[in-house]
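Remarks on the structure that follows.
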Protein chains: 2
Amino acid sequence: MLMQTAIRKGSSRQPAGRELQITSTVPELAGSVEMMGATMTFGRNGEIYGEGEQADYVYKVVRGAVRTYKVLADGRRQIGAFYLAGDVFGLEVGEEHPHSAEAVTESTVMVVKRSALIGLAARDSDVARELWAFTGRELARVQAHVLLLVKNAQERVVDFLLEMANRQPGDAIELPMSRQDIADYLGLTIETVSRTLTGLENEAAIALPNARRILLRNRSALREMNA
Amino acid sequence: MLMQTAIRKGSSRQPAGRELQITSTVPELAGSVEMMGATMTFGRNGEIYGEGEQADYVYKVVRGAVRTYKVLADGRRQIGAFYLAGDVFGLEVGEEHPHSAEAVTESTVMVVKRSALIGLAARDSDVARELWAFTGRELARVQAHVLLLVKNAQERVVDFLLEMANRQPGDAIELPMSRQDIADYLGLTIETVSRTLTGLENEAAIALPNARRILLRNRSALREMNA
DNA sequence: CGGAATATTGATCAAGATCAAAGCGAGTGG
DNA sequence: CCACTCGCTTTGATCTTGATCAATATTCCG
């Protein structure tokens with residue numbers, strides 16, 4: 001049942017345009033953790049970290065978009081999440097990254113040492129609580145992903161659109177990712193994603209000015225068809 | 001590792017035979033948390049907690065098996081996990097339970113107040129770390145569930161069998177749950193689960209002495225077909 | 001025993017995958 | 001400035017997997 005991207009072809013595989021520049025900033029992990037971090041920029045499809053690598057750093061998207069994914073034994077790719085500006089990713093409880101992470105578009109991320117956070121948490125229970133809460137939100141997100149994957153194609157696509165819409169203001173969605181990325185996130189093929197979007201456009205639920213831009217024309221209708 | 005004979009509640013059947021009796025024990029949450037807990041016994045299909053309820057207690061299965069699940073808008077049920085003897089469940093980061101929990105068979109669980117754990121964690125960073133680690137393991141489990149749900153029927157069933165086999169010694173699996181439970185966990189129908197098991201038996205990969213007992217005849221063949 | 005719940009098996013259907021062919025759009029070089 | 005190309009997306013035709021509908025078998029208990 002080959003569906004998702006069978007082979008990660010190296011096509012436009014940018015040499016992971018990694019560009020590091022030290023910056024001093026004071027962002028927050030997820031609400032209350034102050035940290036200093038370096039900033040790095042990755043080109044489109046640049047690898048941020050690989051599955052199984054030591055999880056020594058925690059990341060925050062400053063600009064752009066990041067996807068985490070796993071490649072299954074048969075070569076298919078399953079995307080676990082998309083992270084947009086402001087989102088933290090790569091913070092693991094264990095010692096290594098269970099997924100790989102790549103920049104979807106050219107992206108800037110802030111980096112902080114995991115050990116620094118863990119050290120803080122050992123002394124400050126508020127920080128410890130913050131780390132736990134972060135993992136709890138990831139857990140809730142993945143649980144929602146499970147529910148998505150047992151729905152039919154239209155429901156999955158609508159779920160995805162509503163999720164993306166909730167993460168940016170307005171009724172227009174500017175998609176940083178390709179149809180293949182969407183398909184690999186939803187467990188569908190690009191053809192099914194494309195046909196479903198066309199169908200929604202025909203039902204006047206959305207408009208597709210171009211492939212990367214989607215306008216929600218009737219959000220409540222969308223909410224209903226997502227069951 | 002968890003011996004404490006609960007005075008049993010009589011047979012008890014359906015109506016969520018909830019019966020509480022205080023016991024003094026010293027089990028551990030997941031490695032290092034000492035806690036005192038009361039013991040409760042639930043009849044088959046007895047409700048332990050409902051989705052959306054306050055998550056004031058944390059549970060540990062002493063005997064039996066527990067399932068957590070959500071009911072989708074269209075009435076379908078998605079099982080999130082099965083917890084067997086020794087497993088902790090119901091520990092949430094947030095204030096309420098995102099799933100419902102029921103006893104699969106008559107089960108005894110130990111209960112401890114969540115607030116007690118959180119209170120401990122505020123003073124003892126090892127406990128805090130333990131709570132975080134627990135949620136991290138749940139996260140890993142749900143991530144594995146996502147990967148399972150994008151596989152084909154045979155792969156899902158084999159995944160399930162290997163998972164269950166790894167949780168009990170030997171090559172015989174004693175299933176506490178029905179075909180419907182398995183189907184709702186795997187995102188399949190009971191017919192597909194049944195046919196797939198029959199198929200595996202015909203291929204001599206497993207044996208089915210009866211519906212609730214499965215023998216793994218060829219574990220490496222199973223591992224291969226699960227891709 | 002008898003009856004209800006659970007499981008298996010069979011026949012058919014449909015959603016979505018696969019295979020195949022255009023269409024589109026942005027960047028490149030003549 | 002235009003034509004060409006490359007990668008991405010859409011559309012079409014067909015096939016396959018697992019769902020659905022239906023009947024039979026088995027198990028569990030009262």
Side-chain angles (χ1 to χ4, degrees), chain A residues 1-14 44-45 72 74-78 104-106 148-158 175-184 186-202 206-214 225 227, chain B residues 11-14 43-45 72 74-78 104-106 148-158 174-184 186-202 206-214 225 227:
Chain A
M1 84 133 155
L2 265 245
M3 29 174 169
Q4 300 152 151
T5 322
I7 303 152
R8 196 106 195 67
K9 34 55 119 9
S11 66
S12 61
R13 199 182 209 48
Q14 237 92 321
R44 196 159 91 91
N45 299 322
L72 310 200
D74 62 357
R76 278 150 58 224
R77 179 184 67 160
Q78 178 61 43
V104 174
T105 58
E106 175 170 304
L148 183 156
L149 291 175
V150 300
K151 296 184 180 178
N152 69 28
Q154 186 179 69
E155 291 169 338
R156 295 188 209 188
V157 171
V158 168
L175 294 176
M177 71 290 285
S178 69
R179 292 288 185 274
Q180 188 63 66
D181 286 334
I182 297 172
D184 289 352
L186 299 180
L188 300 170
T189 59
I190 49 174
E191 292 94 332
T192 297
V193 170
S194 185
R195 277 187 248 271
T196 304
L197 288 172
T198 303
L200 291 172
E201 186 174 36
N202 292 339
I206 64 171
L208 294 161
N210 65 63
R212 294 301 180 101
R213 194 174 172 77
I214 299 183
M225 63 179 77
Chain B
S11 77
S12 72
R13 213 93 280 224
Q14 300 271 340
R44 196 158 91 92
N45 300 322
L72 310 199
D74 62 357
R76 277 151 58 226
R77 178 184 67 157
Q78 178 60 42
V104 174
T105 58
E106 175 171 304
L148 183 156
L149 290 175
V150 299
K151 296 183 179 179
N152 68 28
Q154 186 179 70
E155 291 169 337
R156 294 188 211 189
V157 171
V158 168
E174 200 63 56
L175 294 176
M177 71 290 286
S178 68
R179 293 287 185 272
Q180 187 64 64
D181 286 334
I182 298 172
D184 289 352
L186 300 180
L188 299 170
T189 59
I190 49 174
E191 292 95 331
T192 296
V193 170
S194 185
R195 277 187 249 270
T196 303
L197 288 172
T198 303
L200 291 171
E201 186 174 37
N202 292 339
I206 64 172
L208 295 162
N210 65 62
R212 294 303 180 101
R213 193 174 173 79
I214 299 182
M225 63 179 77

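First the proteins, then the strands, lettered A, B, ... as listed; each starts at 1.
In this structure, CG of A/Leu149 is placed 13 Å from P of C/dG16, rounded to the nearest angstrom. Atom-to-atom, NZ of B/Lys151 to C1' of D/dG18 comes out at 18 Å; the value is rounded to the nearest Å. Rounding to whole angstrom units, CG of residue A/Leu200 and P of D/dT11 are separated by 13 Å. Distance CD (B/Glu106) to P (D/dC28): 17 Å, rounded to an integer number of Å. Going from atom CG of B/Leu208 over to atom P of C/dT6 covers 19 Å, rounded to whole Å. Atom CZ of A/Arg213 is separated from atom C1' of D/dT9 by 18 Å (rounded to the nearest Å). Atoms CG (A/Asp184) and C1' (C/dA17) sit 14 Å apart, rounded to a whole Å. Atom CD1 in A/Ile214 sits about 12 Å away from atom C1' in D/dT9, given to the nearest Å.
A donor-acceptor pair under 3.5 Å links the side-chain atoms of B/Arg156 to the main chain of B/Gly187, judged by distance alone.
Partners of B/Asp184 according to the salt bridge (charged side-chain N to carboxylate O under 4.0 Å, His left out) rule, which considers only residues two or more places apart in sequence or in another chain, are B/Arg77. Partners of B/Glu201 by side chain to side chain contact (heavy atoms under 4.5 Å, CB included), not counting sequence neighbours, listed by chain and number: B/Ile206, B/Leu208. Not counting sequence neighbours, A/Thr196 has no partner by the side-chain hydrogen bond (donor to acceptor under 3.5 Å, both in side chains) test. When the side chain to side chain contact (heavy atoms under 4.5 Å, CB included) test is applied to B/Gln78, the partners found at least two apart in sequence or on another chain are A/Val146, A/Leu147, A/Val150, B/Leu72, B/His145. Partners of B/Asn210 according to the side chain to side chain contact (heavy atoms under 4.5 Å, CB included) rule, which considers only residues two or more places apart in sequence or in another chain, are B/Arg212, B/Arg213. Partners of A/Glu191 by salt bridge (charged side-chain N to carboxylate O under 4.0 Å, His left out), not counting sequence neighbours: none found. Residues passing the side chain to side chain contact (heavy atoms under 4.5 Å, CB included) test with B/Asn202, sequence neighbours excluded: B/Thr198.
Nearest approach of B/Leu175 to B/Ala211, heavy atoms of both residues: CD1-O, 4.2 Å.
Within the structure, every side-chain polar atom (N or O) of A/Ser178 is placed at least 4.0 Å from both OP1 and OP2 of D/dC8. A/Thr189 has a side-chain polar atom (N or O) that falls below the 4.0 Å cut-off from OP1 or OP2 of C/dA17.
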Problem set entry | Heavy-atom protein contacts under 4.0 Å, nucleotides 22-28 of chain C, coded B base, S sugar-phosphate only, - none | -------
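Taken residue by residue, residues 190-199 of chain B places heavy atoms nearer than 4.0 Å to DNA chain D at B/Glu191, B/Thr192, B/Arg195.
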